[in-house]
Student: 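This is the structure I have questions about; it appears just below.
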Amino acid sequence: MSNELLEFDVIAEALIEKAQKDGAETMWDRKAALKTQCGFGEGGICCRICVMGPCRVSPSPDKGAQRGICGADRDTIVARNFARMCCGGTSAHSDHARDIVHAMYHSSEDGPFKIREEGKLRRIAAEWGLEDTDTKETYALAHELAEKALMEFGKPFGTQNFLKRAPKSRQEIWDRENIAPRAIDQEVVTLMHSTHMGCASDPESILRRSLRTSMSDGWGGSMIGTEFSDIMYGIPKERASESNLGVIDPEQVNIMLHGHDPNLAEMIAVASKNPELLEMAKEQGAKGINVVGMCCTGNEMTMRHGIKIAGNFYQQEMAIITGAVEVAVVDVQCIFPALPKLAKSYHTRFISTSPKAKIAGDMYIEFNEEDPLSCAEEVIKTAVMNFKNRDASKVDVPELKSETIVGYSVETTIGALDRVVNSQTDVTGTVKPLGDLVWAGVLRGAAGIVGCNNPKVEHDYAHITLMKELIKNDVICVVTGCAAQAAAKAGLLKLEAKELCGRGLKEACERANIPPVLHMGSCVDISRILHLVTLVANERGVDIAELPVVGAAPEYMSEKAVAIASYVVSSGLNTYLGVMPYVSGSENFMKLMTEGVKEWTGAAYVFESDPVKAAELIMADIEDKRTKLGI
Ligand code: SF4
Ligand code: SF4
C-alpha cells in the first residue's frame with residue numbers, strides 16, 4: 001500500500017502491510033471506510049442538542065436552510081458546538097487532576113502513594129495560603145492541601161488559586177473580560193447549561209464563556225494535575241530515554257502503558273521491579289519485564305523514570321501490530337476503542353482499568369486508589385503469563401529507536417539555565433538568563449508546540465517541520481504530548497540537534513548543555529509552559545501578551561487540544577492551529593476567533609495547515625513583538 005499521509009513515517013507502511021497480512025484493521029482502514037467526511041460536521045453547522053433536530057444549516061447566507069427548527073443560525077450553532085468541545089477538553093484534564101488529588105488525599109508514609117517532593121508540597125501549600133506550612137507534619141499538610149485542591153473543583157465563591165501566579169496586568173484583563181475561571185466543575189456545568197437548547201445564542205458571549213471554561217483547565221485542572229503529580233511522584237529531572245517502536249524488546253515481557261493518568265503507571269513501574277514477578281517472567285523464558293509508554297502516560301513515565309516511549313497517538317495500533325506486546329494496559333483518554341479487537345489478531349491482552357473509561361472487548365481490572373498495587377500486580381502477572389502465547393511468526397519489531405533527553409520541568413529548566421549564569425555577578429535559580437537571552441536577541445523567542453496526531457494530516461510531518469523551521473530561526477521550542485514524542489522520534493530531543501539551529505540558539509544550547517527542543521511532559525503539563533512564560537513575564541515586568549512567544553498545535557485532534565488552544569489564547573499567546581476546528585461554517589465566529597478575541601485577551605487563534613507557512617507567520621509575529629518591546 002502507499003499512503004501519502006504516512007510518507008514522513010518510515011516504519012508505518014511496513015507495519016500497515018503487516019496488519020493487512022495478519023487480518024488486523026487499522027485506523028487507516030476505518031478512515032477509508034468513512035469515505036468523504038460530512039461537510040456540515042466539518043463546518044460545525046449541524047446541531048443535535050435537542051430532539052427536534054438534528055438540524056443542519058447552510059454554510060452560505062444566500063441559499064439553503066438558514067436556521068434550525070428552534071431558529072438557531074449558523075453563528076449560534078457553530079459557537080455552541082465549539083463551546084461544548086471546550087467543555088469536553090476541560091472536563092477530561094480536570095477529572096484527571098481530581099484523581100491525582102484523591103491519590104494525594106490517600107497518601108501515607110507506609111502506603112503506595114507517598115509524598116516524594118516535600119519541598120514542593122510546602123511551597124504550593126504556602127502559595128495557596130495554608131498555615132504553618134514550614135512546620136506541619138508532611139502527611140497532615142498533604143491531606144489539608146488535597147482537601148483545598150478538591151474545593152477548586154466546586155467551591156461556591158472565588159476564582160482559581162493559581163491565577164495569582166500571572167502578572168497583575170493579565171489578572172486585570174481576565175477580570176475586565178470576565179474570563180477569570182471560578183470553580184472548575186462550575187465552569188463546565190454552566191457552559192453546558194448555556195449551550196442547551198434555548199439558552200445562549202449570542203456567539204460572542206458563548207466564545208467568552210468558552211475561554212473562561214478553558215481557563216479553568218489551564219490555570220485550574222491541568223495546573224493542579226501537574227503540580228500535585230510532581231509532589232507525589234517527583235519533579236521531572238533531565239534524563240536519557242529512547243523512543244519509537246524499537247523500544248519494544250522481543251526478548252522481554254512487554255507491557256504497553258497507554259492513556260494519561262500517572263497513578264496507575266506509577267504503580268506498574270513499582271510493581272514491575274518486584275523480584276518475584278521478575279523471577280516469574282524468567283521462568284516463562286523472558287529476559288525481564290519491559291514497560292513502555294504511549295501517549296501521555298508514556299510522557300509522565302519518561303519524564304519521571306526515563307521509561308521508554310513506544311510512540312505517539314497514531315502509533316497505538318502499530319505497537320500491537322509488532323506482535324510482541326503481551327499486555328496493552330490503559331487508563332483514560334485517547335485510547336482507540338478499536339484496540340481490544342486489534343489485540344485479538346495477536347496474542348496481546350487488552351486491559352482497561354478505569355471505571356470512567358471501561359472499554360469493552362477484553363479484560364477489565366479496576367484500579368482502586370485505596371488498593372492500587374493489587375491492580376498493577378495483576379496486570380503484570382497477566383502479561384508475564386501471556387508471554388508463552390506469543391506467535392513468533394507474527395513478531396516483527398522495527399529496529400528504529402532514537403535517543404532522547406527528557407525531563408524539563410520548570411524547576412529543571414531553571415537548573416539548566418543556571419549553567420549560563422555568571423555566578424560572580426548574577427543570581428541563580430531564576431528564569432532571568434532566559435529573559436536575558438531573548439532580550440539580547442540570542443534567542444528570537446520561544447514556541448510551545450503541543451498536541452496530537454490526526455489522520456487528516458501527514459503523520460508527524462507538521463510537528464517536525466515546524467520545530468525545525470523555528471529552531472533554524474533561533475526560536476527555542478518547548479514541547480509536550482504527542483508533539484514531544486514526534487520530536488523525540490525525529491532526534492530533536494538530543495544535544496546533537498543543536499546543529500539544526502541558528503547561531504544564537506546553538507550557542508545557548510551548547511552553554512546550557514540542553515537540546516533546542518525541550519520535553520516538558522504530558523498534555524496537562526502544558527501548565528508548565530504557562531508557568532515558565534509567566535515567570536519570565538513577571539521577571540521582566542511585562543504582560544504575557546508582550547513576550548515573543550507563541551503556542552502551536554500542528555496536528556491536534558482532541559477536545560482537550562481545543563480547550564488548550566483556548567486557554568493559551570486567553571493567557572495572551574497567539575495560537576497556531578494546523579487543523580481547522582469545526583468553525584468554518586460561520587464566518588462571523590471565525591472572525592471572532594481570529595480577530596475579535598484579540599481585543600479581549602491580546603491574542604488570537606491562527607489557522608494555518610502548512611507548517612512552513614505557519615513558521616513564517618510565527619517568525620513575523622515574534623519579530624513584531626520584539627519591535628514593540630524595543631528589543
Ligand atoms: S437546538 Fe435548535 S438547531 Fe439544535 S437540534 Fe434543536 S432545534 Fe435544531
Ligand atoms: S497530545 Fe493529543 S493524542 Fe496525544 S495524548 Fe495528548 S490529547 Fe491525546
Side-chain angles (χ1 to χ4, degrees), residues 85-86 89-90 93 166 170 173 179 210-211 214-215 217-219 222-223 226 408 410 438 443-452 462-463 465-467 469-471 473 475-484 486-487 517-537 543-581 593-594 597-598 600-609 611 613-622 624-625:
M85 287 193 90
C86 292
T90 299
H93 281 146
R170 190 58 18 198
I173 289 170
I179 54 174
S210 303
L211 298 182
S214 303
M215 284 283 295
D217 173 352
W219 294 85
S222 282
M223 210 168 269
T226 295
Y408 292 97
V410 171
V438 173
L443 304 181
R444 304 309 293 173
I449 303 180
V450 307
C452 330
H463 285 313
T465 307
L466 185 60
M467 290 174 207
E469 287 294 315
L470 293 178
I471 62 173
N473 284 295
V475 171
I476 191 165
C477 294
V478 290
V479 292
T480 64
C482 292
V517 180
L518 301 179
H519 192 331
M520 290 197 87
S522 65
C523 296
V524 292
D525 294 339
I526 292 169
S527 61
R528 296 192 202 277
I529 303 179
L530 284 183
H531 191 192
L532 188 63
V533 169
T534 295
L535 290 173
V536 175
D543 184 59
I544 298 173
E546 291 179 86
L547 293 173
V549 175
V550 300
E555 304 183 20
Y556 80 94
M557 62 87 204
S558 78
E559 290 175 324
K560 290 178 288 173
V562 174
I564 291 165
S566 302
Y567 72 63
V568 173
V569 167
S570 308
S571 302
L573 301 177
N574 290 327
T575 302
Y576 293 76
L577 298 177
V579 184
M580 200 56 199
M593 292 179 79
T594 53
V597 69
K598 214 166 204 149
W600 313 341
T601 73
Y605 305 79
V606 184
F607 305 127
E608 178 51 66
S609 59
K613 282 197 193 133
E616 285 167 10
L617 292 173
I618 288 171
M619 288 317 300
D621 187 349
I622 281 177
D624 184 45
K625 293 268 170 80

Student: Between Ser214 and Ala563, which heavy-atom pair has the shortest distance, and what is it?
Tutor: CB-O, 3.3 Å

Student: State, yes or no, whether a side-chain contact exists between Leu466 and Ile618 at a heavy-atom distance under 4.5 Å.
Tutor: yes

Student: Which residues pass the side-chain hydrogen bond (donor to acceptor under 3.5 Å, both in side chains) test with Tyr556, not counting sequence neighbours?
Tutor: none

Student: How many angstroms lie between CE in Met215 and CG in Leu530, if you round to the nearest 0.5 Å?
Tutor: 8.5 Å

Student: Specify the closest pair of heavy atoms between Pro581 and Phe607, including all atoms of both residues, with the distance to one decimal.
Tutor: CD-CE2, 3.5 Å

Student: Name all residues meeting the side-chain hydrogen bond (donor to acceptor under 3.5 Å, both in side chains) criterion together with Thr226; count only those two or more places apart in sequence or in a different chain, and write none if there are none.
Tutor: Asp525, Ser527

Student: Is there a side-chain contact between Tyr408 and Arg528 in this structure, where contact means two heavy atoms from C-beta onward sitting under 4.5 Å apart?
Tutor: no

Student: Counting only N and O atoms by type, is there a donor-acceptor contact under 3.5 Å from the side chain of Asn473 to the main-chain atoms of Val475?
Tutor: no

Student: What verdict does the side-chain contact (heavy atoms from CB on, under 4.5 Å) test give for Val549 and Val536, after you've listed the backbone C-alpha separation in whole Å, the side-chain angles of each residue and the deciding distance to 0.1 Å?
Tutor: CA-CA 11 Å; Val549 175; Val536 175; over 6 Å; no

Student: Please name the pair of heavy atoms, one in Pro548 and one in Val438, separated by the smallest distance, quoted to 0.1 Å.
Tutor: CG-CG1, 3.6 Å

Student: With sequence neighbours excluded, tell me which residues meet side-chain hydrogen bond (donor to acceptor under 3.5 Å, both in side chains) with Ser571.
Tutor: Trp219

Student: Taking the side chain as every heavy atom from C-beta outward, state whether Ser566 and Ser210 have any pair of such atoms under 4.5 Å apart.
Tutor: no

Student: Are side-chain heavy atoms of Trp600 and Ile179 found at a separation under 4.5 Å?
Tutor: no

Student: With rounding to the nearest 0.5 angstrom, report the OG to CD1 distance, Ser222 to Ile529.
Tutor: 11.0 Å

Student: Side chains of Met520 and Leu532: closer than 4.5 Å at any heavy-atom pair?
Tutor: yes

Student: As an exercise, state the distance from CD1 of Ile526 to CD1 of Ile564, rounded to the nearest 0.5 Å.
Tutor: 3.5 Å

Student: Could you give the distance from CD (Glu555) to NE2 (His463), rounded to the nearest 0.5 Å?
Tutor: 3.5 Å

Student: Keeping Lys625 on the side-chain end and Ala545 on the backbone end, is there a donor-acceptor pair under 3.5 Å?
Tutor: yes

Student: Is any side-chain heavy atom of Asn574 closer than 4.5 Å to a side-chain heavy atom of Lys598?
Tutor: yes

Student: State the OH-OG1 distance between Tyr567 and Thr575, to the nearest 0.5 angstrom.
Tutor: 10.0 Å

Student: Rounded to the nearest 0.5 Å, how far does NE2 of His93 lie from OG of Ser558?
Tutor: 6.5 Å

Student: Indicate the atoms forming the closest heavy-atom contact of Glu608 with Ala614, along with that distance.
Tutor: CG-N, 3.6 Å

Student: Which heavy-atom pair separates Arg170 from Ser570 by the least distance, and what is that distance?
Tutor: NH1-O, 3.0 Å

Student: Working note: Asp621 + Tyr576, criterion side-chain contact (heavy atoms from CB on, under 4.5 Å); need CA distance, chi angles, decisive distance, verdict.
Tutor: CA-CA 11 Å; Asp621 187 349; Tyr576 293 76; 2.6 Å; yes

Student: Please name the pair of heavy atoms, one in Cys477 and one in Leu470, separated by the smallest distance, quoted to 0.1 Å.
Tutor: SG-CB, 4.0 Å

